[in-house]
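Note that the coordinates shown come from a computational prediction; the quantities given were computed from them, not determined experimentally.
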Amino acid sequence: MSRMLLILFCFLVSQIGPATACEAEKAQTTARTILGLYDGGRENSPADTRLHRFIELPLNHLGYRVRYLDVSRDDLPQPVDPSIAGAVSWFDAPLPDSERFAAWAVAARSDCPDAISFIVLGETGLFADHKPRDAEADYLHRLGLGWTARSILLGDLTDVSHTGLPLRGFESDFVFRPGRYASLRALTATDAALSVIPAGKQAGDSIDLIVQHHPNAYVHQSATLDADSRAEGYFWIMDPFAILGAALARDKQTPIADVTTLNGRRIYFETVGPEGWLAPAPARTFDEEPRLGAENLAATLIMPFPDLPVTVSVVTGDLDETIGGKSAQIGRRMAVSILTLPQTAVATSGRSLVRHWAAISKPPQTAATPFVKDTVSLDQPNRLLAVLGRNLRQAFADPYAPDEPQLSDGLRQYGQDPFVTGAETADAIETVRTLVPNKHVRPLFLWSGDGRPAQDAQAAVRQAGAAAFGGGITKVGASLSMSALSSFFLSDGQQIQVYHALPGDLGNLGYPLKDVYALQGLGLMVLQTNQPMRLKPFQLAYSAGTANQFATRSIIERLKHLAVSTGTIPIFAARYVEIVEGFSSVEFNPEGALKWRVTGRGGLQTLRFDDAQALSVDLAESAGVLGARRINRSLYIALDPGTVEPVVALTPDASPSGMKVLAGRIGLLDSNLEILSATRTPCLSVLEVTGWGKGEISFYGDPGAGYLVNIVAGARQSAGLVLGHIKLVADASGYVAVTVPTRHGKVETVSLHQQCPG
């Protein structure tokens, strides 16, 4: 029957006009994939691109995943898949075959012209010193731009004017820099958000640097990032969230997959890298036997904090005397001691501690790029120069190039044996599994060093059943910038590499720690990534050897107390990996006005609606929704983990709870416990929960209603010891809070019996 319906749908689409077919196509799913367009002749791989290092994080925050396309080598898709919401480019030079690119961009979804947004940062990819060809002119027109003349040299007397939307001055003010500029102008004056006027010219002769022509945008390189001499890194001039949001958000009431929040609380997780596991601490007295990093780690940073789960990575070479030396016996004993604690999860970073994965584990080599392509001829001198320039790119400095890793200790900690992918991945995972065979938490593989493994290493980890985690270039500098934050993950087209949420680069995590200030500044980064937008979960990442020094140890202790005091929900790192993987795969299928079916979400459990002060979730019309909470200007919705395809329905309502609750039932506000399952019937709700420390659950029900709360150890089917028996009464708004005693990661069953009339 479903096949017949599909055939009928296709027939009807073929019989109606393009605009109607376009609407029918868009109605099937919410497009949330962005094409990241880059020139592989100038940027080696997606991980090296400006798009990945600067723009992908704002796109992730807005709910989009990025699929990279090398416009110099890959086939340009035509037609473009309906799941594509837009395309973003950040070229630093004209494309050698700019006309081919422009023709594709113009033709992309030509029957549905507003279905794909084009956001152009930096160069347009076209040559500024010749009259645009037809396709190039059409592409500029699509962007709302006109090419009025050749490029022009602008001097110090150039006047800066600001019109339209306030899209500049986000972190750093715009300062005009004299130089040669392409003479691009907005076709519609109201689209221009930032303009410069040459000396002696009128406003009508302006050159526009930021143009917002819905659903497209253009930003000149000078209005993107500012390299600040006072600190390491860059600062946004434009507001990337506003630029991208204005171009991509056709309907603000669209679900956003969120990886920062679980059950209304900000996620907290902790990872310990293996660096310094066998490093001896400085002796305090002449005859004192020095303790190793692993011993200090257990005594000072893990055992005193039983309410904070932590994932601890070991290098299996540190446990083998033939590799790690005499101290390996103590290292192995401490690994077993630490990893058998209830609050720890097993992880490894391989056998020999690779410091530079990119240099050791390389992907298969592709055919070399010809020095000059056949398409270049002598009557195209500018294109010839472009090809020559990109083939000689290593001779030129790139001001936005990623920092080179500092690898003073070589490529690996233990380099006497050849590098073997299986030994560094699957074998190491099996070794740590056998250390604590009764652990039921999924093991983690924590990428070490530069965190840039090849595809074969990533595939080996996943085939071994571990969660792969690590990488990214997030750094804490002298002043925090949004440009310093890594994206959630990197997709290579075959699999995704889930990144560190907060600082995870080699310089900030190694041992001995090269930059204590960076670790100290993490607390500020944690706070600033929560207001006014929650951009990241709270990840505390450090190395085992950090415990050897009082200064770094005390910083970690303060950050742990910060995690507790700010009301987070602590989870293991492998759980976060599952959430990000769900972000990558989830789809939203509209089922009416303000109503969506959620599919393919995997471990993802939170949706977000921005600027939703006038909306609430309708629990009567929804299915598989636990509740909601308002944070900043957003509405966060908690999904029931037991519902494979939940349905989320919103309703116009500005109530503080963010929920329209059914009579006789409850809606979750927030909890620092993970909710594993939920069964709700009139006047009775049964939750299976797990967590750490003093459990807190708050919810909304009927105003003034009375509740009898029973808390029992174990899952519902095997309930055992009674942990609590409490009577509660909701306040005038329906708010109720209950405290649940936990047994460090074990399952408890909480039954809430409402005293309903009759």
Side-chain angles (χ1 to χ4, degrees), residues 28-34 36 55-67 82-86 241 244-245 248-267 269 467 485-491 495-499 501 529 533-537 569 571 575-591 594-612 615 617 622-641 643-650 658 674:
Q28 300 307 302
T29 187
T30 299
R32 54 183 303 267
T33 300
I34 301 295
I55 282 293
E56 190 165 352
L57 183 275
L59 285 170
N60 288 164
H61 176 73
L62 294 173
Y64 294 97
R65 58 203 170 196
V66 179
R67 192 176 87 197
S83 66
I84 304 298
F241 302 95
L244 297 170
L248 293 166
R250 296 170 190 83
D251 179 5
K252 286 188 176 182
Q253 282 73 51
T254 298
I256 295 173
D258 189 273
V259 307
T260 70
T261 303
L262 186 62
N263 296 338
R265 297 283 188 103
R266 189 181 191 183
I267 290 172
F269 65 98
L485 300 176
S486 286
S487 60
F488 299 161
F489 62 93
L490 172 65
S491 174
Q495 51 200 338
I496 70 168
Q497 179 183 344
V498 179
Y499 280 164
T529 53
M533 299 176 286
R534 180 171 289 177
L535 296 173
K536 292 278 190 174
I569 176 170
I571 62 175
R575 178 73 182 92
Y576 175 72
V577 173
E578 294 170 353
I579 291 171
V580 176
E581 290 173 341
F583 175 97
S584 174
S585 61
V586 70
E587 302 290 351
F588 305 116
N589 306 304
E591 292 199 347
L594 298 179
K595 190 173 185 179
W596 300 265
R597 180 173 296 275
V598 184
T599 62
R601 67 187 177 102
L604 181 76
Q605 209 162 305
T606 301
L607 303 184
R608 189 183 84 244
F609 291 85
D610 289 338
D611 295 320
L615 293 172
V617 63
S622 301
V625 173
L626 295 176
R629 183 184 180 185
R630 298 191 189 278
I631 303 173
N632 302 326
R633 295 171 58 88
S634 298
L635 178 67
Y636 289 76
I637 295 178
L639 303 179
D640 184 344
T643 304
V644 177
E645 293 188 0
V647 175
V648 176
L650 300 184
E674 276 199 79

- Task: Give a yes or no on whether the backbone of Glu645 and the side-chain of Thr643 come within a donor-acceptor separation of less than 3.5 Å.
- Result: no
- Interatomic spacing from CH2 in Trp596 to CG in Asn589 - rounded to 0.5 Å: 12.0 Å
- Query: Side-chain contact, heavy-atom cut-off 4.5 Å: Phe241 with Leu535?
  - Reply: yes
- Task: Classify the ring geometry between Tyr576 and Phe269 as parallel (under 30°), tilted (30 to 60°) or perpendicular (over 60°).
- Result: parallel
- Rounded to the nearest 0.5 Å, how far does CG of Leu244 lie from CD1 of Ile55? 5.0 Å
- Query: What's the shortest heavy-atom distance between Leu57 and Ser486, and which atoms?
  - Reply: CD2-O, 3.4 Å
- Check the pair Arg32 / Phe583 against side-chain contact (heavy atoms from CB on, under 4.5 Å), numbers first and verdict last. CA-CA 10 Å; Arg32 54 183 303 267; Phe583 175 97; 3.7 Å; yes
- Query: Heavy atoms, side chains only, cut-off 4.5 Å: are Ser634 and Phe609 in contact?
  - Reply: no
- Message: How close do Ala31 and Ala85 get, counting heavy atoms only, and between which atoms?
- Response: O-CB, 3.5 Å
- Query: Which pair of heavy atoms, one from Leu615 and one from Gln253, lies closest together, and at what distance?
  - Reply: CD1-CG, 3.1 Å
- Can you tell me how far CG of Leu262 sits from CG of Leu639, rounded to the nearest 0.5 angstrom? 10.0 Å
- Query: Taking all atoms of both residues into account, what is the closest heavy-atom pair of Ile631 and Gly264, and its distance?
  - Reply: CD1-O, 3.8 Å
- How would you list, by chain and number, every residue that makes a salt bridge (Lys or Arg N to Asp or Glu O under 4.0 Å) with Arg608, sequence neighbours excluded? Asp258, Asp610
- Message: Between Arg67 (side chain only) and Thr33 (backbone N and O only), is there a donor and an acceptor less than 3.5 Å apart?
- Response: no
- Counterpart residues, salt bridge (Lys or Arg N to Asp or Glu O under 4.0 Å), relative to Arg575 (two or more places apart): Glu578, Glu674
- Regarding Arg65 and the six-membered ring of Phe488, is the cationic atom NZ or CZ under 6.0 Å from the ring centre and inside 45° of its axis? no
- Would you name the heavy atoms of Pro641 and Leu626 that are closest together and state the gap between them? CD-CD1, 4.3 Å
- So among Ile571, Val259, Thr260, which one has a side chain to side chain contact (heavy atoms under 4.5 Å, CB included) with Ile267? Ile571
- Counting only N and O atoms by type, is there a donor-acceptor contact under 3.5 Å from the side chain of Arg629 to the main-chain atoms of Ala638? no
- Roughly how far apart are Tyr636 OH and Ile256 CD1, rounded to 0.5 Å? 9.0 Å
- Closest non-hydrogen atom pair between Ala257 and Leu607, with its separation: CA-CD2, 4.3 Å
- Answer whether the closest heavy-atom distance between the side chains of Pro255 and Val648 falls below 4.5 Å. no
- Query: Does the side chain of Val66 reach to within under 4.5 Å of the side chain of Ser491, using non-hydrogen atoms?
  - Reply: no
- Working for side-chain contact (heavy atoms from CB on, under 4.5 Å), residues Val598 and Leu604: CA-CA 10 Å; Val598 184; Leu604 181 76; 5.7 Å; no
- Given the rule in the side-chain contact (heavy atoms from CB on, under 4.5 Å) test, do Gln605 and Asn263 qualify, once you have shown the distances and angles that lead to the verdict? CA-CA 8 Å; Gln605 209 162 305; Asn263 296 338; 3.8 Å; yes
- Message: With rounding to the nearest 0.5 angstrom, report the CD1 to OG1 distance, Ile637 to Thr261.
- Response: 12.0 Å
- Query: Checking Ser585 side chain against Gly600 main chain: does a donor-acceptor pair fall under 3.5 Å?
  - Reply: yes
- Message: I want to check something: taking the side chain as every heavy atom from C-beta on, are Ile579 and Thr606 in contact at a cut-off of under 4.5 Å?
- Response: no
- Separation between NE2 (His61) and CZ (Arg534), nearest 0.5 Å, reads 11.0 Å
- Item | Verdict with supporting geometry, Tyr499 and Val580, side-chain contact (heavy atoms from CB on, under 4.5 Å) | CA-CA 9 Å; Tyr499 280 164; Val580 176; over 6 Å; no
